[in-house]
Amino acid sequence: MAALDSLLFFTGLGLSEQKARETLKNQTPSAQLREAATQAQQTLGSTIDKATGTLLHGLASRLRDTRRLSFLVSCIASKKTHTEPQLSAALDYVRSHPLDPIDTADFEQECGVGVTVTPEQIEEAVEAAINKHRPQLLVERYRFNARAVLKWAGGKMIKNEVDMQVLHLLGPKMVADLEKKPKVAKVRLEETDPRTAKDVIENAETADQTLSRMEQLRGEALKFHKPGENYKTPGYVMTPHTMNLLKQHLEITGGHRRTRFPPEPNGILHIGHAKAINFNFGYAKANNGICFLCFDDTNPKKEEAKFFPAIYDMVAWLGCTPYRVTYASDYFDQLYSWAVELICRGLAYVCHQRGEELKGHNPLPSPWRDEGEATLRMKLVMEDGEMDPVAHRVKYTPHHRTGDKWCIYPTYDYTHCLCDSIEHITHLLCTREFQAQCSSYFWLCNALDVYSMAVLESRRVIITKFPAAKSLDIQVPSFPADETKGFHQVPFAPIVFIERTDFKEEPEPGFKRLAWGQPVGLRHTGYVIELQRVVQGPQCLEVTCRRADAGEKPKTFIHWVSQPLMCQVRLYERLFQHKNPEDPTSITMHGGGSISGLLCGPGKPFNEFQFECLGYFSVDPDSHQGKLVFSRTVSLKEDPGKV
């Protein structure tokens, strides 16, 4: 009954029954359309006309940043946005302007809000286009396709006017007009007389008809986002922490473009691979960037060791040199840790359904989705409607690089986005058949982002000329990926403690943290510190302090604590290589750890925390009043060669 009600609700918006049924198959746009229509009804009443319903459907199916739903619905309901070109411009605008607040005046100017194109204006524009090409029209008649471009007019209105004026000029179609226009030899664009893009459109000789596929791809590359502006990509999903993550990413990449070619080592490359190699390596080279060769070695049943050098030789034969050769198996430990984290957050579950039960786009929902008993599946719906894609699956096959260490292997949907994140790839270049993977790509990168702060091996830092008489209270998000979960207050005093490894007097090349002549930011404070003096005795540093916006931006931001609690932190390595878990080589004790005072309250045994930049920890049962003990459960960085 609920499905029937939803079908009637959507057809009541002017959608055809087929379009309504297609929409209902995909949970996210379906829910978004219902919400958009409900909001519009508050302005328009219970009846929504077909034109408005069509715009609301377009909005619901294409909008990724749900924060903007109410704003755009109000534009549609008030008739300020009333054509498809205006809606497309509005969606492009909110995607490229993710920060609040929206500049309403600029938005209206860029998106044609309130602009109405009159029939007289359409008539004049079409008449001008036809007069421009009148001689050619008289010769080619209906085989010539004249198009008029008027920015904010609906395409249907323009087409109707074109058809009417062409009919008036040429009269009814004759038999000869029904013959296909003879094909002409394709000529490279630079060998022809230069013509504007508008001329090309008006003559219906589009880029798809005159350019090779690689030339089309190079043309598309001109539209790619700049490094650090990933949010301008269609389908990109914003979170409250997105901009900070992109800033960190930009600091690491230095603003250079980074691409990758990710073949599976299960056969010899074909012509499609050659195109991908050409485009990925060519795009990076043309923009002074770098390209990785990233082997997708996640299915040992189909892969053979001989294909690794064979693929590398083919890449080299095509004249391409990888910046670095990497393997998905380099990151199996990290991928496994993240899989466990998804389960802990309720974002993935272990499923016992057989492989044949999962095939197709509309398998029945898994009975294990909410019970947690064997593939690992992520709780999301992809762009093509596929529900809960598989993240890990069991394969009792030795791996050519990791041997018998694993009997579970990650899938393409799970692996690629996370490996790209680890390697800070700036541009993912793929063909259309991989478009459906975008939703899982963005979802995973956002789902695995939680940080609270702790310092294990601390170094005392004295801030001279501190910006307050005593201390400042800093508001820090408890979960930076989701600020709706609240903030907590931490003190920021003239004495702080940083990680010992975050400072080097004689740094090696590439070191970006605190050093002579190299200031760093203190996370969440809005302040930058710069080294003034090193006190060798107690390993103490004296630094000056300034606001982050009062000078040059630092290369990085480091974590810190102030007025901390002292604690013991136990860093366990893999225990089961040893008969005795207390073996000295399997545990490292840090007796002088410093931790944010936030944790003094909830310090109950087995309570879980993530220490920023360090890993995941739980309160050890050995804790007692006045002495907190934390044991590491999962580290953030693992040596992929460790056994």
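Side chains are part of it too, since the values below use all heavy atoms of this structure and drop only hydrogens, waters and symmetry mates. Keep in mind that this is a model prediction, so the values were computed, not measured. For this chain, numbers begin at 1 and follow the sequence in order.
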Between [Y] and [X], is there a side-chain heavy-atom distance shorter than 4.5 Å?
| X | Y | value |
| --- | --- | --- |
| I462 | V496 | no |
| L376 | I343 | yes |
| F307 | I268 | yes |
| L335 | L418 | yes |
| F557 | Q248 | no |
| T411 | H392 | no |
| Y331 | T415 | no |

Mind checking the [atom1]-[atom2] spacing from [X] to [Y]? Nearest 0.5 Å is all I need.
| X | Y | atom1 | atom2 | answer |
| --- | --- | --- | --- | --- |
| C419 | D330 | SG | CG | 8.0 Å |
| T544 | E530 | OG1 | CD | 5.0 Å |
| I529 | R546 | CD1 | CZ | 11.0 Å |
| K465 | E542 | NZ | CD | 12.0 Å |
| T402 | D333 | OG1 | CG | 9.0 Å |
| C291 | R260 | SG | CZ | 9.0 Å |

Can you see which heavy atom on [X] is nearest to which on [Y], and at what distance?
| X | Y | result |
| --- | --- | --- |
| V528 | A548 | CG2-CA, 3.7 Å |
| H249 | G228 | CD2-N, 4.4 Å |
| P491 | D473 | CA-OD1, 4.5 Å |
| C545 | I463 | CB-CG2, 3.4 Å |
| L269 | I277 | CD1-CD1, 3.8 Å |
| P263 | I311 | CG-CG2, 3.8 Å |

With no hydrogens and no angle check, is any side-chain donor or acceptor of [X] less than 3.5 Å from a backbone partner on [Y]?
| X | Y | result |
| --- | --- | --- |
| E303 | N299 | yes |
| T525 | L522 | yes |
| Y336 | Y409 | no |
| E304 | N266 | no |
| T397 | K301 | no |
| H256 | T253 | no |
| R393 | P410 | yes |
| N280 | T259 | no |
| W560 | R523 | yes |
| T464 | V543 | yes |

Next on the checklist: What verdict does the side-chain contact (heavy atoms from CB on, under 4.5 Å) test give for I495 and V461, after you've listed the backbone C-alpha separation in whole Å, the side-chain angles of each residue and the deciding distance to 0.1 Å?
Outcome noted: CA-CA 6 Å; I495 296 177; V461 176; over 6 Å; no

Checklist entry - Going by an N to O cut-off under 4.0 Å, is there a salt bridge joining K512 and D502? => result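 D502 and K512: not salt-bridged.
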
Looking at [X] versus [Y], is the centre-to-centre ring distance below 6.0 Å?
| X | Y | answer |
| --- | --- | --- |
| F308 | H400 | yes |
| W338 | Y414 | no |
| F332 | H399 | yes |

Checklist entry - Do R459 and F497 meet the cation-pi criteria used here (NZ or CZ under 6.0 Å from the six-membered ring centre, within 45° of the axis)? => result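 No, R459 does not sit over the ring of F497.
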
Counting heavy atoms not belonging to [X], are there more than 12 under 6.0 Å from its [atom1]?
| X | atom1 | result |
| --- | --- | --- |
| K285 | NZ | no |
| F466 | CZ | yes |
| Q475 | CD | yes |
| F511 | CZ | yes |

Item to check | Non-neighbouring partners of F261 that pass ring pair (Phe, Tyr, Trp, His ring centres under 6.0 Å), sequence neighbours left out | outcome: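 If we apply the ring pair (Phe, Tyr, Trp, His ring centres under 6.0 Å) test to F261, skipping adjacent residues, there are no hits.
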
Checklist entry - Under 3.5 Å, is there a donor-acceptor pair linking the side chains of R401 and S329? => result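 Yes, because at least one side-chain N or O of R401 sits under 3.5 Å from a partner of the opposite role on S329.
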
Next on the checklist: Quiz question: by atom type and distance under 3.5 Å, do the side chains of R257 and Y283 form a donor-acceptor pair?
Outcome noted: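 Looking only at side-chain atoms, Y283 and R257 do form a donor-acceptor pair, the distance falling under 3.5 Å.
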
Next on the checklist: One pair to check against side-chain contact (heavy atoms from CB on, under 4.5 Å): F503 and R513. What are the steps and the verdict?
Outcome noted: CA-CA 6 Å; F503 165 73; R513 286 158 284 171; over 6 Å; no

Checklist entry - Parallel under 30°, tilted from 30 to 60°, perpendicular over 60°: which one fits the rings of Y327 and F295? => result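 Aromatic pair Y327/F295 classed parallel.
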
Checklist entry - side-chain contact (heavy atoms from CB on, under 4.5 Å) between W406 and V394: does it pass, once the steps are laid out? => result CA-CA 9 Å; W406 298 98; V394 176; over 6 Å; no

Next on the checklist: As a quick check of understanding, evaluate side-chain contact (heavy atoms from CB on, under 4.5 Å) for M314 and H273, giving each step before the final call.
Outcome noted: CA-CA 10 Å; M314 285 190 176; H273 289 114; over 6 Å; no

